[in-house]
Amino acid sequence: MNSKLPRWIYYKQIFSSKFQAGCLKAKIEDNWHNGYEVGPLVEIKKLKSNRYVVRYTYDEKI
């Protein structure tokens with residue numbers, strides 16, 4: 001079996017609250033809501049500094 005790790009794309013901005021990161025996550029997801037393409041998998045990750053970053057991937061197998 002060929003189990004590759006997904007290739008994540010990190011958004012360049014770091015957010016001080018999970019709410020701010022969640023707003024960007026919703027915006028990224030909404031761009032594909034009515035489109036023909038399969039949208040990306042979007043996640044919010046908490047950093048050690050208690051700030052948040054948004055990342056997404058187009059890889060189909062996670």
Side-chain angles (χ1 to χ4, degrees):
M1 291 190 117
N2 187 6
S3 60
K4 292 169 48 177
L5 293 174
R7 293 168 295 172
W8 291 101
I9 301 166
Y10 286 83
Y11 192 74
K12 63 183 177 182
Q13 188 173 355
I14 297 174
F15 299 95
S16 58
S17 73
K18 192 171 184 178
F19 173 77
Q20 291 172 325
C23 289
L24 177 65
K25 178 181 185 287
K27 187 175 183 180
I28 291 172
E29 291 172 338
D30 283 349
N31 283 339
W32 280 272
H33 182 67
N34 292 324
Y36 293 105
E37 298 176 2
V38 175
L41 174 67
V42 185
E43 288 185 349
I44 298 172
K45 296 289 289 183
K46 186 174 184 179
L47 303 174
K48 291 179 182 178
S49 62
N50 287 329
R51 295 191 296 173
Y52 299 88
V53 67
V54 176
R55 69 181 189 173
Y56 57 95
T57 185
Y58 291 100
D59 293 346
E60 294 182 7
K61 288 199 168 192
I62 301 275

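Computed from a predicted model, the values in this text were never measured in an experiment.
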If hydrophobic clusters are built by linking Ile, Leu, Val, Met, Phe, Trp and Tyr wherever their side-chain heavy atoms come under 4.5 Å apart, do W8 and L47 end up in the same one?
yes

Could you check if a side-chain atom of Y52 sits within less than 4.5 angstrom of a side-chain atom of I14, using non-hydrogen atoms only?
no

Can you find a heavy atom in the side chain of Y10 that is under 4.5 Å from one in the side chain of V53?
yes

Side-chain donor/acceptor of T57 to backbone N/O of P6, under 3.5 Å:
no

If you measure from NZ on K46 to CZ on R51, what distance do you get to the nearest 0.5 Å?
12.5 Å

Quick one: does I44's side chain get under 4.5 Å of F15's, heavy atoms only?
no

Do Y56 and I28 have side chains that get closer than 4.5 Å, going by heavy atoms?
yes

Between CG of N50 and NZ of K18, what distance do you get to the nearest 0.5 Å?
12.0 Å

